[in-house]
Amino acid sequence: MNEKFFDLAREKQDRMINGAIEVFAKNGYRHASTDDMVKAVGVSKGLWFHYFGSKEGIYVFVYDYCVKYMLLELSTIVDEDEKDYFELVKQIAMTKTTVGKSYPYLTIFLEEAAHETMEEPVKKTAESRRIYEERMDELHRAAEIGNVSDKVRRERIKQMVDYCISSIIREKTRESADSEAIFREIKAYIELVRDMTLNLC
């Protein structure tokens, strides 16, 4: 990557980063097109390749950038000492929607990237992937659904909440909903699941 990219005005940097994130999030690496990035951002293909060298170079830069940005936001929003699962996932959801103010497709991109199968971009982002996955695992291990004794049931509840959060972010992002509205919707569902879970006991 050409470090002169960071000499660009911040607004132009963010437009290019957002354009690449959205195209990769919607299409995956194989089907993502730099032509679509050009259309989304209005920056010539020549400039994309001047700064990043190739589509792979764009992908690697954007993935590493997204991980660093998400981890930074997690460190400022999530309470490391939180032991209640439902409070923890609300904080993680707040982080994801806060990130969405600047980079609407960032969370979706990271979710899609977790299933990427193209060997070279996966290999070149391996370290960032490891760091991100380990951090998310650490956060989720820190809190538990204390009132549900059955492990299988606890895991299904967690999976249901994860699916719910992901689906709401995807749907509302497509609708260009604002971040606060997305978080309110997610929070309402998390609290509904929490109340249903309490009634199981």
Self-check item: Least distance between heavy atoms, V38 atom then S44 atom
Solution: CG2-C, 4.0 Å

Quiz prompt | Neighbour count >12 (heavy atoms, 6.0 Å) for atom NZ, K83 | solution = yes

Quiz prompt | Distance, nearest 0.5 Å, that separates CG of D79 from CG of L139 | solution = 10.5 Å

Self-check item: Donor-acceptor under 3.5 Å (T197 side chain, V193 main chain)
Solution: yes

Quiz item: Could you give the distance from CE (M94) to CG (L74), rounded to the nearest 0.5 Å?
Solution: 12.5 Å

Quiz item: Are any of the side-chain heavy atoms of L47 and K12 separated by less than 4.5 Å?
Solution: yes

Exercise. Can you see which heavy atom on Q91 is nearest to which on I77, and at what distance?
Key: O-CG2, 3.7 Å

Quiz item: Counting N and O atoms only, with roles assigned by atom type, does the side chain of S75 sit under 3.5 Å from a partner on the main chain of L72, one being a donor and the other an acceptor?
Solution: yes

Self-check item: Minimum side-chain heavy-atom gap N18-P104 below 4.5 Å
Solution: yes

Quiz item: For the hydrophobic clusters of this structure (ILVMFWY residues joined by side-chain heavy atoms under 4.5 Å, transitively), does one cluster hold both V122 and I58?
Solution: no

Practice problem: Find out if a path of hydrophobic residues (ILVMFWY) with successive side-chain heavy-atom gaps under 4.5 Å connects Y65 to L8. | Solution: yes

Quiz item: Any idea which heavy atoms bring E116 and M118 closest together, and the distance?
Solution: OE2-N, 3.0 Å

Quiz item: Rounded to the nearest 0.5 Å, how far does CE of M16 lie from CH2 of W48?
Solution: 4.5 Å

Quiz item: With a 4.0 Å cut-off, would you call E119 and K124 a salt bridge?
Solution: no

Quiz prompt | R130 atom CZ: more than 12 heavy-atom contacts under 6.0 Å | solution = yes

Quiz item: Side-chain heavy atoms under 4.5 angstrom apart, residues restricted to Ile, Leu, Val, Met, Phe, Trp, Tyr: same cluster for F5 and F49?
Solution: no

Quiz item: Roughly how far apart are I182 CD1 and E185 CD, rounded to 0.5 Å?
Solution: 9.5 Å

Practice problem: Answer yes or no: are there more than 12 heavy-atom neighbours, outside F6 itself, under 6.0 Å from its atom CZ? | Solution: yes

Exercise. Keeping the roles fixed (side chain from S179, backbone from T97), state whether a donor-acceptor pair exists under 3.5 Å.
Key: yes

Quiz prompt | Straight-line distance of I165 CD1 to I92 CD1, nearest 0.5 Å | solution = 7.5 Å

Self-check item: Ion pair R174/E171, N-O distance below 4.0 Å
Solution: no

Self-check item: Side chain to side chain, E87 and R194, heavy atoms closer than 4.5 Å
Solution: yes

Quiz prompt | CD/E134: more than 12 non-hydrogen atoms of other groups inside 6.0 Å | solution = yes

Practice problem: Look at R170 together with E112 and state whether they make a salt bridge at an N to O cut-off of under 4.0 Å. | Solution: yes

Self-check item: Criterion ring pair (Phe, Tyr, Trp, His ring centres under 6.0 Å) against Y69, the qualifying member of Y103, F109, Y132
Solution: Y103

Self-check item: E191 and K90 ion-paired at < 4.0 Å
Solution: yes

Quiz item: Sub-3.5 Å donor-acceptor pair from the side chain of T125 to the main-chain atoms of S128, do we have one?
Solution: no

Self-check item: Shortest non-hydrogen separation from G19 to V41 and the atoms involved
Solution: CA-CG2, 3.6 Å

Quiz item: Between Y59 and F24, how do the two ring planes meet: parallel, tilted or perpendicular, split at 30° and 60°?
Solution: perpendicular

Quiz item: Side chains of V161 and Y189: does their closest heavy-atom pair fall under 4.5 Å?
Solution: no

Quiz item: So do the side chains of Y85 and I190 get within less than 4.5 Å of each other, counting heavy atoms only?
Solution: no

Quiz item: Is it true that atom NZ of K187 has more than 12 heavy atoms of other residues, nucleotides or ligands lying nearer than 6.0 Å?
Solution: no

Quiz item: So do the side chains of S33 and N27 get within less than 4.5 Å of each other, counting heavy atoms only?
Solution: no

Quiz item: Does a salt bridge link E175 with K172, judged by any charged N lying under 4.0 Å from a carboxylate O?
Solution: yes

Exercise. Could you grab the distance from atom NZ of K68 to atom CD1 of I131, nearest 0.5 Å is fine?
Key: 8.5 Å

Quiz item: So if you build clusters from Ile, Leu, Val, Met, Phe, Trp, Tyr with side-chain heavy-atom gaps below 4.5 Å, do L110 and F183 land together?
Solution: no

Practice problem: Evaluate salt bridge (Lys or Arg N to Asp or Glu O under 4.0 Å) for E138 paired with R141, printing each intermediate quantity in order. | Solution: CA-CA 5 Å; E138 283 173 8; R141 280 198 305 270; 5.3 Å; no

Self-check item: Cation-aromatic face contact K55/Y29, 6.0 Å, 45 degrees
Solution: yes

Exercise. Answer whether the closest heavy-atom distance between the side chains of K96 and L106 falls below 4.5 Å.
Key: no

Quiz item: Hey, is E180 close enough to R184 for a salt bridge, meaning N to O under 4.0 Å?
Solution: no

Practice problem: Report yes if some heavy atom in the side chain of R154 is under 4.5 Å from a heavy atom in the side chain of D150; otherwise report no. | Solution: no

Exercise. Determine yes or no for a side-chain-to-main-chain donor-acceptor pair under 3.5 angstrom, with S166 supplying the side chain and Y163 the backbone.
Key: no

Quiz item: Has the side chain of R129 got a donor or acceptor atom that lies under 3.5 Å from a matching backbone atom of Y63?
Solution: no

Quiz item: Parallel, tilted or perpendicular: which fits the ring planes of F52 and F61, with parallel below 30° and perpendicular above 60°?
Solution: tilted

